[in-house]
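Each chain gets a letter, A, B and so on, in the order the sequences are listed, and its residues count up from 1. Every value quoted in this text rests on a predicted model; they were computed, and no experiment measured them.
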Amino acid sequence: MLIKAPKGTRDILPDEIHRWHYVEDKFSDICSRFGFQEIRIPLFEHTELFQRGVGDTTDIVQKEMYTFNDKGGRSITLRPEGTAGVVRSYIENGMASWPQPVKLFYNITAYRYENVQKGRYREFHQLGVELFGSPEADADVEVISLLYLFLESIGIRELSLNLNSIGCPSCRADYNKTLKAFIEPRLNRLCEDCIDRYQRNPLRILDCKEQGCINELKDVPYLLDYICSDCADHFEKVKEKLYAMGIPFTIDKKIVRGLDYYTRTVFEFVSKNIGSQGTVCGGGRYDGLIESCGGSPTPGIGFALGIERLLLEMDSQGIDVPLPSSPDIFIGVIGYKANLFAENLALKLRSDGITCHKDIMGRSVKAQMKYANKLNARLVVVIGDDEVESGKAELKDMSSGEVRMINIDTLLDRLKKFKQVNS
RNA sequence: GUGGGUGUAGCUCAGUUGGUUAGAGCGCCAGAUUGUGGCUCUGGAGGCCGUGGGUUCGACUCCCACCAUUCACCCCA
């Protein structure tokens with residue numbers, strides 16, 4: 001085989017697709033219960049959207065985007081995340097004049113040019129929600145509780161919700177000064193990356209993993225301790241409400257999030273079991289984003305959840321997903337005339353909602369039975385000339401091996417009853 | 001972009017100090033008296049031993065490069 005799937009992409013094969021459907025269906029179901037509606041957005045957008053939306057200083061924009069010029073000379077980029085596209089759609093479709101708040105969810109692929117490792121691919125899948133129009137802590141709580149209920153409903157345990165507030169632009173500007181003043185005397189002892197961050201985005205120095213930097217920053221002032229009273233109030237409310245709802249969380253003052261658009265509440269669901277890429281879900285408030293993308297000032301909050309990572313976590317917790325149901329019946333065939341008859345019969349059954357397989361390989365009866373067994377068919381009927389002639393056939397229950405003679409006319413009714421009893 | 005591990009059948013892996021037609025299990029296909037599965041047995045298909053170069057009389061085996069894959073750094077879902 002010469003052509004393989006590109007690095008960082010992979011096929012989701014039939015034997016695991018039910019796990020994906022399970023997660024996606026649950027998510028869509030929970031979102032609907034919260035009054036969120038699905039939106040589908042383009043796979044690619046104008047590059048500028050992500051530059052402005054995600055932020056010029058982020059790694060995503062600086063080195064991870066799949067960007068190309070189309071034949072009309074436009075710079076196009078494969079979406080590296082979902083929020084920017086949804087925000088663009090919000091503005092472009094005038095959702096500001098819809099009944100507020102606007103609550104959307106999505107199920108998308110996203111693309112980032114990074115080196116692959118466990119839980120990280122170049123094409124990956126995200127489930128996410130965005131809630132526009134409400135600056136209230138209630139909105140934060142609604143989004144977080146949606147996430148919580150979703151994870152709970154698929155059986156996730158022991159996943160910790162980490163919470164932080166990174167304030168608004170004004171308190172962040174103040175804090176940046178404090179932070180820089182603290183770091184400046186230690187700057188030459190920090191790693192190269194941090195020295196670079198010091199200029200571009202000093203906040204990010206906080207989550208540096210270098211042991212040397214961690215030591216130097218032991219007594220660093222945290223943004224959470226410096227946010228303005230409005231932001232602090234807001235955060236207090238969020239915590240209070242989560243507490244009152246019995247949703248467990250821990251405060252992690254180091255969460256800063258790698259995307260520029262976040263303000264105030266930021267949160268992550270992190271796992272220790274799935275390798276070093278443990279962030280299963282990340283999100284937060286982005287009150288300045290719509291405006292910076294050209295809309296009128298509108299608060300927003302959302303999260304994105306990596307499906308691959310969620311599935312890894314489900315594996316590690318031993319959560320099993322219901323298997324897809326087996327075929328109701330396999331129709332075996334002997335001879336040309338019987339085959340025609342069986343094809344008609346199969347079509348009739350299928351049009352009535354029966355899951356039906358029929359031999360299309362021209363195999364021996366024995367081989368057909370083996371195949372029916374591998375398919376895990378629940379019932380088998382074999383049609384030959386005798387059966388066409390008499391209108392009667394043997395119906396075999398594959399789990400018990402029991403056989404009974406039936407009129408073929410009654411097959412549909414029997415199958416319907418059998419399904420009711422056995423489902 | 002950087003560092004480590006690994007590349008032999010569809011999958012999981014053996015392969016002796018370099019030596020003739022490269023193996024196993026699972027899976028796939030066919031058969032075990034003529035129209036009935038699971039167990040068992042028999043047979044079959046399927047490998048440029050990741051690619052290219054080098055050392056050697058001789059390379060799956062040793063050396064180099066490249067590619068792929070995987071884990072990790074960075075960053076993120």
**Report entry** Cation-pi check, A/Arg363 onto A/Tyr371 ring (under 6.0 Å, within 45° of axis)
**Finding:** yes
Query raised in the report: Is it true that the NZ or CZ of A/Arg120 lies under 6.0 Å from the centre of A/Phe124's six-membered ring and within 45 degrees of the ring axis?
Result: no
Taking atom [atom1] in both [N] and [M], what distance in whole Å separates the two?
N	M	atom1	answer
B/rA9	B/rG47	P	10 Å
B/rU56	B/rC73	C1'	41 Å
B/rC49	B/rC13	C1'	13 Å
B/rU36	B/rC26	P	26 Å
B/rG19	B/rA59	C1'	10 Å
B/rG18	B/rU61	C1'	6 Å
B/rU2	B/rU8	C1'	30 Å
B/rA14	B/rA24	P	16 Å

Protein-nucleotide distance ([X], atom [atom1]; [N], atom [atom2]), rounded to Å:
X	N	atom1	atom2	value
A/Met398	B/rU36	CE	C1'	8 Å
A/Arg120	B/rA72	CZ	C1'	10 Å
A/Asp359	B/rC29	CG	P	12 Å
A/Tyr111	B/rA77	OH	P	17 Å
A/Leu310	B/rA77	CG	P	15 Å
A/Lys63	B/rG1	NZ	P	11 Å
A/Arg10	B/rU70	CZ	C1'	14 Å
A/Tyr121	B/rA68	OH	P	18 Å

Query raised in the report: Around atom CG of A/Leu13, are there more than 12 heavy atoms of other residues, nucleotides or ligands at under 6.0 Å?
Result: yes
Requested in this report: Produce a footprint string for nucleotides 43-50 of chain B: one letter per nucleotide, 5' end first; B if the base is under 4.0 Å from any protein heavy atom, S if only the sugar-phosphate is, - if neither.
Outcome: --------
Is there, by distance only and without an angle test, a donor paired with an acceptor across the side chain of [X] and the base of [N] below 3.5 Å?
X	N	answer
A/Asn373	B/rG38	no
A/Lys366	B/rG35	no
A/Gln368	B/rG35	no

Can you see if the side chain of [X] gets near the phosphate of [N] - specifically, an N or O under 4.0 Å from OP1 or OP2?
X	N	value
A/Gln117	B/rU70	no
A/Lys7	B/rU69	yes
A/Arg363	B/rC29	yes
A/Gln277	B/rA77	no
A/Ser364	B/rA30	no

Treating [X] as the side-chain partner and [Y] as the backbone partner, does any N or O pair qualify as donor plus acceptor under 3.5 Å?
X	Y	answer
A/Asp328	A/Thr355	yes
A/Ser32	A/Ser28	yes
A/Ser316	A/Asn273	no
A/Arg52	A/Ser292	yes
A/Glu308	A/His125	yes
A/Arg285	A/Thr265	no

Partner lookup for [N], please. Criteria are Watson-Crick or G-U wobble with both distances under 3.5 angstrom; report none if nothing qualifies.
N	value
B/rC66	B/rG50
B/rU12	B/rA24
B/rA30	B/rU42
B/rU61	none
B/rG3	B/rC71

What nucleotide among [options] has an atom nearest to a side-chain atom of [X]?
X	options	result
A/Glu394	B/rA77, B/rG35, B/rU36	B/rU36
A/Lys374	B/rU36, B/rC73, B/rC29	B/rC29
A/Val116	B/rC73, B/rG37, B/rU70	B/rU70
A/Gln126	B/rG35, B/rA77, B/rG37	B/rA77
A/Lys370	B/rG35, B/rG38, B/rU2	B/rG38
A/Arg309	B/rC73, B/rA77, B/rU36	B/rA77
A/Lys118	B/rU70, B/rG37, B/rC71	B/rC71
A/Phe124	B/rG35, B/rA77, B/rG38	B/rA77

Requested in this report: Give A/Gly332 one of three labels, base, sugar-phosphate or nothing, depending on what nucleic acid heavy atoms sit under 4.0 Å from its own.
Outcome: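 It contacts nothing in the nucleic acid.
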Query raised in the report: For A/Lys358 and A/Asn339, does a side-chain donor sit closer than 3.5 Å to a side-chain acceptor?
Result: yes
Report summary line: The answer to which of A/Gly8 and A/Cys281 contacts RNA chain B further toward the 5' end, by nearest nucleotide, is A/Gly8
Query - 5'-most by nearest nucleotide on RNA chain B - A/Tyr371 or A/Ala377 - result: A/Tyr371
Query raised in the report: Is the closest basic N to carboxylate O distance between A/Asp315 and A/Arg19 below 4.0 Å?
Result: yes
